[in-house]
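Notes follow once the structure below has been shown.
A, B, ... follow the sequence lines: proteins, then strands. Residue 1 opens every chain.
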2 protein chains.
Amino acid sequence: MVSRKGTEGENDTGTLGKLMVLLDLVTHAERPLRFTDILAQAGQPRGTLHRQLGHLVEEGLLELDGEGRYSPGLRLLDLAARSWAKNEFRLIAEPHLRALQAMSGETVHLGVLRGTSIIYLDKVEGQQSVRMYSQIGNASPVYCTGVGKAALSVLPEASVAALAAAIPFQRFTENTLASAESLLAELASIRTEGCAFDREEHEQGIRCVAAPIWTPDRSLVGGVSITGPAYRLTMERLTEWAEPVREAAGSIMEGMRVRLGPRR
Amino acid sequence: MVSRKGTEGENDTGTLGKLMVLLDLVTHAERPLRFTDILAQAGQPRGTLHRQLGHLVEEGLLELDGEGRYSPGLRLLDLAARSWAKNEFRLIAEPHLRALQAMSGETVHLGVLRGTSIIYLDKVEGQQSVRMYSQIGNASPVYCTGVGKAALSVLPEASVAALAAAIPFQRFTENTLASAESLLAELASIRTEGCAFDREEHEQGIRCVAAPIWTPDRSLVGGVSITGPAYRLTMERLTEWAEPVREAAGSIMEGMRVRLGPRR
DNA sequence: AATTGAGTTCCAAATAATGGAACTACGGGA
DNA sequence: TCCCGTAGTTCCATTATTTGGAACTCAATT
């Protein structure tokens, strides 16, 4: 993975930075990693790595099982649960997400831009009470999600260009915008429309309509979307829902203005 | 020997330890904290604290808004989402939780013991698709939750005694077991029954029945429970469900034996 | 018994954290 | 407008922690 730090350089300096690299390694891995696995990827001397892992385990950020395999620790859940519960942006948006869900009957997402990814902050779905946590906290690429493209559309040209250059494009479906050029072109139309569509660009058979949410200084940029299967979400239906989605985004921004102060 | 943090003393030593104290401070706070608020509680010199917070912000573990207030960062969600998705214990338990939910129609929880708290790892509820993330990751006291008491019941006497001595008992309802003695007494009966009840001990009007889950070496101790409102979950009903809950716990342990190896 | 691989421990040297103090920015009140 | 107090930031010599090479233990393999 490249640095998640927007426009800046590498970051594995500082004690914390190095530890975070390890945390990332373990949380990104498919399965629990053994000491040697981590050693191979971390580029740290054995002794150093051993102590670093020891500290992470001691703090509950990692867990070391009986077979010497490292996996993410429970402390992460604990910290995340608390930060999610009190996230102001999410709290402000929640009623509007529910309203959109009730109106459409489909799944509604709230996401924010972070580097070249969208992180989902909340998800409201109908009765099909499947996994809910599943999506929250997950990072998805900006260039092939409705929320991602909507978010980019409100950034200044320069920032978009810088981000686009840093995106590791990858084709998920035949509709995926797999280059900086095609992405930039689409952003233009999104700006005039005020909303973005995902036409099965990330996952075959899944469409969505999204509207951007931003603070005046762009310190927070994200969006809200309605997502669902292509057979129910025809393009006509999506177009119909564009207005309610834009309105929800507007209401959320209004809520932020009131609650967070007009400055940013 | 790298020490575990079970029953031991303070831990704000080491660079990471000090940073974790700050993370805890911010995630536990009701509202975003200003520099001065943290300064008052952290007991660090101004310069030091300032740099520490800077590092946490840089890594996305904290966020600093335009008004100079610190709140938990998105990186926490990202890390937690990944660790939750691949948690082996949770994955093994999931189908059994669903089965219990389908059988009872009530909410089913999976939790593990961590220090003197129970951390909920999963939650499956019926159609009332309210907040789901809400509970997952949350820490609740051992002594007044079904899962907590069940978990304690399979620990060796010595460990329970040590834990009980460390619990800051607090009375939540008139039924709360608010002393080490009453807790230890109840554990005896839980051991013979093989399941624990929460008779409105944590929250007025909420009852539950839970069964313990443990590994042979007790490195992982937790439980599974069915929870619901007292008017639906009469004590007779709870008693009826004790057996299925015990069976589910047994199946989960069998699954762990197979998947994680018989050693631990 | 010898060998190999995995994990752990040790300690002088290198590096990062510390914290007191000086500095800046902002916001009243006189 | 000037002055003072509070909040936040920066600086840097001192101090403490991390670093990493190497030696060591342990277990499985040949």
Gap between atoms CG and P, on A:Leu49 and D:dG20 respectively (whole Å): 11 Å
Any B:His50 side-chain N or O less than 4.0 Å from OP1/OP2 of D:dT9: yes
B:Arg34 bridged to B:Asp65 by N-O distance under 4.0 Å: no
B:Gln52 CD to C:dT18 P, straight-line distance once rounded to whole Å: 5 Å
Nearest-angstrom distance from the residue atom CZ of A:Arg46 to C1' of C:dT8: 9 Å
Between P of D:dT18 and NE2 of B:His55, the distance in whole Å: 14 Å
Rounded interatomic separation in angstrom, taking CZ from A:Arg34 and P from C:dG5: 13 Å
Length of the line joining A:Lys18:NZ and C:dA17:C1', which is rounded to integer Å: 12 Å
Euclidean distance, atom CG of residue A:Leu19 to atom C1' of D:dT17 [Å, nearest integer]: 12 Å
A:Tyr70 side chain, from C-beta outward: closest of D:dT19, C:dT8, D:dT9: C:dT8
Salt bridge present between B:Arg69 and A:Glu88 (N-O < 4.0 angstrom): yes
Pair A:Arg75 + B:Asp24, salt bridge at N-O below 4.0 Å: yes
Extract from the structure each pairing of a protein N or O with an N or O of nucleotides 24-30 of chain D at less than 3.5 Å, listing the distance.
none

Heavy-atom pair with the smallest gap, counting every atom of A:Leu22 and A:Ala42: CD2-CB, 3.7 Å
Pairwise 5' ranking along DNA chain C for A:Leu16 and A:Gly68, keeping only the more 5' one: A:Gly68
Between C:dA6 (C1') and A:Leu53 (CG): distance, integer Å: 14 Å
Sugar-phosphate only, base, or nothing, as touched by A:Thr15 at under 4.0 Å among non-hydrogen atoms: sugar-phosphate
Residue pairs involving residues 16-53 of chain B (criterion ring-ring contact (aromatic ring centres under 6.0 Å, His included); sequence neighbours excluded): B:Phe35-B:His50
Heavy-atom closest contact (B:Leu76 atom, B:Pro72 atom, distance): CD1-CB, 4.1 Å
Worked verdict on B:Arg218 versus B:Leu155 for side-chain contact (heavy atoms from CB on, under 4.5 Å): CA-CA 7 Å; B:Arg218 308 301 196 274; B:Leu155 285 182; 4.3 Å; yes
Any residue of residues 36-44 of chain B with a heavy atom less than 4.0 Å from an atom of DNA chain C: B:Gln44
Side-chain ion pair, A:Glu30 and B:Lys86, N-O less than 4.0 Å: no
CZ-CG distance between B:Phe89 and B:Asp122, expressed to the nearest 0.5 angstrom: 10.0 Å
Nearest-nucleotide pick for A:Phe35, side chain only, options being D:dT18, C:dG19, C:dG7: C:dG7
Phosphate contact (C:dG19 OP1 or OP2) by B:Thr48 side-chain N/O below 4.0 Å: yes
